[in-house]
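Structure first, then comments.
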Amino acid sequence: MILLKFSSGNGKLRDRLIFSLPAGYSCPHAGICKTFADRTTGSITDLPQLTGVTAEQGFRCFAAMSEVRPNVREARWHNWDLIRETMYSDGDQITLLRDLIDLSLVIHKSKDLVRIHESGDFWTENYMKAWILVAQSRPNQIFYAYTKSLGMWLSLNDIIPSNFYLTASHGGTLDYLIPKHPNIFKRVSHVVYTEEQAAELGLEIDHDDSHCLGDKPFALLVHGSQPAGSEASQAISQRKKQGGFVGYGKSNPHKS
């Protein structure tokens with residue numbers, strides 16, 4: 001049986017399983033950060049979906065830039081193709097997806113943490129429900145994800161188990177739902193360009209996903225390769241000149 005591919009860490013995170021789909025293609029509610037990497041060439045296209053926002057004003061999806069590497073593209077598209085093939089096979093869609101995810105997890109060395117979607121998002125409600133059912137069946141593991149699919153979250157909120165943590169990723173097409181449901185959207189991530197901006201907003205900066213298991217909003221510092229001339233690119237250049245944080249890697253002091 002063909003199974004889904006998980007990684008066991010990245011430049012930012014350790015000691016967890018990470019599942020990903022192709023950036024942009026699987027992100028129905030991405031807004032300011034909508035970015036695609038071509039499946040064949042890895043070339044990047046910035047296509048923000050918020051009215052009045054240009055590529056220069058937005059920021060490029062951090063995860064999409066990883067797809068310039070062929071091995072990363074292959075793994076994410078493998079998962080995307082297999083998920084869609086499974087969804088549209090004969091049988092109950094949710095059950096088929098749940099079983100595929102669960103069986104794919106079985107073959108990996110047990111990890112306490114599972115991050116869903118370093119890249120990608122919940123692209124249908126049935127797909128999100130399948131992940132929720134997997135978490136329900138694995139109470140000794142913690143599952144967590146950033147998401148802009150806030151309508152799906154609202155629809156399924158009553159069946160989300162205590163070991164399944166969702167963070168509302170601000171900057172999507174459904175941001176208007178966040179202030180309407182403060183008791184549900186307690187964890188909200190905001191991308192900021194500077195540490196000063198985070199401080200002005202009263203937000204702590206997360207460097208290791210620990211805030212994804214908390215109960216309050218937090219900030220993420222923009223990083224990675226950004227569109228030339230963009231506000232995000234200028235902010236990163238300024239931080240680099242000052243010897244500040246510019247990204248996650250082996251020498252990064254914030255690496256967890």
Side-chain angles (χ1 to χ4, degrees), residues 1-10 13-30 36-37 39-40 61 63-64 66-67 69-167 169 209 212-213:
M1 180 179 180
I2 301 174
L3 299 175
L4 299 167
K5 295 182 178 182
F6 289 76
S7 62
S8 57
N10 57 28
L13 306 172
R14 295 178 179 176
D15 298 325
R16 68 203 70 199
L17 291 176
I18 300 174
F19 179 78
S20 289
L21 298 172
Y25 300 93
S26 58
C27 304
H29 300 291
F36 303 85
R39 179 172 187 170
T40 303
C61 172
S66 300
E67 293 178 36
R69 302 197 297 272
N71 63 317
V72 175
R73 289 201 308 278
E74 187 281 327
R76 293 179 181 177
W77 279 95
H78 166 90
N79 288 341
W80 183 229
D81 290 341
L82 186 53
I83 287 285
R84 289 182 295 173
E85 178 183 333
T86 302
M87 287 185 71
Y88 302 122
S89 300
D90 293 334
D92 180 75
Q93 191 176 90
I94 298 172
T95 300
L96 289 171
L97 284 173
R98 179 202 63 192
D99 291 348
L100 171 65
I101 296 167
D102 190 68
L103 186 57
S104 299
L105 283 168
V106 166
I107 68 169
H108 287 276
K109 182 179 178 181
S110 178
K111 297 282 187 181
D112 293 336
L113 286 175
V114 180
R115 175 167 173 176
I116 309 168
H117 305 141
E118 173 191 9
S119 173
D121 203 347
F122 298 103
W123 59 290
T124 73
E125 190 170 306
N126 281 349
Y127 171 65
M128 178 184 275
K129 188 172 184 179
W131 273 106
I132 290 172
L133 295 179
V134 169
Q136 289 176 352
S137 70
R138 293 172 167 267
N140 294 324
Q141 287 179 291
I142 292 175
F143 296 77
Y144 73 98
Y146 295 85
T147 185
K148 291 181 170 65
S149 297
L150 306 183
M152 300 177 201
W153 179 350
L154 282 173
S155 178
L156 299 173
N157 189 63
D158 289 343
I159 66 168
I160 294 177
S162 60
N163 64 325
F164 192 89
Y165 291 78
L166 292 174
T167 295
S169 180
D209 279 2
C212 294
L213 308 182

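Nothing here was measured: the structure is a model prediction, and the numbers come from that model. This chain uses plain numbering: 1 for the first residue, then up along the sequence.
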In Å, rounded to the nearest 0.5 Å, how long is the span from [atom1] of [X] to [atom2] of [Y]?
X	Y	atom1	atom2	result
Asp112	Asn163	CG	CG	11.5 Å
Met152	Asn126	CE	CG	9.5 Å
Glu67	Ser119	CD	OG	4.5 Å
Ser20	His117	OG	NE2	8.0 Å
Trp153	Thr147	CH2	OG1	7.5 Å
Leu100	Thr95	CG	OG1	12.5 Å

Residues Ile142, Arg16; criterion side chain to side chain contact (heavy atoms under 4.5 Å, CB included); working and verdict: CA-CA 10 Å; Ile142 292 175; Arg16 68 203 70 199; over 6 Å; no
Tyr25-Arg39 side chain donor-acceptor pair, cut-off 3.5 Å: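 Tyr25 vs Arg39: no donor-acceptor pair found between side chains.
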Side chain proximity check, [X] to [Y], heavy atoms < 4.5 angstrom:
X	Y	answer
Leu113	Asp15	no
Leu105	Phe143	yes
Asn79	Phe6	no
Gln93	Tyr88	yes
Ile132	Pro161	yes
Leu97	Lys129	no
Phe164	Trp131	yes

Set of residues satisfying side-chain hydrogen bond (donor to acceptor under 3.5 Å, both in side chains) with respect to [X], sequence neighbours excluded:
X	answer
Ser137	none
Asp99	none
Glu85	none

Might you point out which heavy atoms bring [X] and [Y] nearest each other, and give the distance in Å?
X	Y	result
Arg76	Ser66	NH2-CB, 3.8 Å
Trp123	Arg84	CH2-CG, 3.6 Å
Ala130	Ile101	CB-CD1, 4.3 Å
Asp121	Tyr127	O-CE2, 3.8 Å
Pro22	Ser26	O-OG, 2.8 Å
Phe36	Gly24	CE2-C, 3.5 Å

Does CD1 in Ile2 sit with more than 12 non-hydrogen atoms of other residues, nucleotides or ligands closer than 6.0 Å?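 At most 12 heavy atoms, drawn from other residues, nucleotides or ligands, come within 6.0 Å of this atom.
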Applying side-chain contact (heavy atoms from CB on, under 4.5 Å), name anything that partners Leu96, two or more places apart in sequence or on another chain.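 In terms of side-chain contact (heavy atoms from CB on, under 4.5 Å), with neighbours along the sequence ignored, Leu96 is linked to Thr86, Ser89.
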For His108 and Ser7, indicate whether the former's side chain and the latter's backbone hold a donor-acceptor pair under 3.5 Å.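 Flag not set: sc His108 to bb Ser7 has no pair under 3.5 Å.
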Say whether, by atom type as modelled, one donor and one acceptor occur between the side chain of Gln136 and the main chain of Ile159 under 3.5 angstrom.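 Side chain of Gln136 to backbone of Ile159, a donor-acceptor pair under 3.5 Å: yes, one is there.
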Got a sec, which pairs hit salt bridge (charged side-chain N to carboxylate O under 4.0 Å, His left out) with one end in residues 131-152, sequence neighbours left out?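 Counting only pairs at least two positions apart or across chains, the salt bridge (charged side-chain N to carboxylate O under 4.0 Å, His left out) contacts touching residues 131-152 are Asp102-Arg138.
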Let's go through Leu156 and Glu125 carefully: what are the C-alpha distance in whole Å and the side-chain angles of both, what is the deciding distance for side chain to side chain contact (heavy atoms under 4.5 Å, CB included) to 0.1 Å, and is it a yes or a no? CA-CA 8 Å; Leu156 299 173; Glu125 190 170 306; 3.7 Å; yes
Taking only residues two or more places apart in sequence or in another chain, which ones pass salt bridge (Lys or Arg N to Asp or Glu O under 4.0 Å) with Glu74?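 So Glu74 forms a salt bridge (Lys or Arg N to Asp or Glu O under 4.0 Å) with Lys5.
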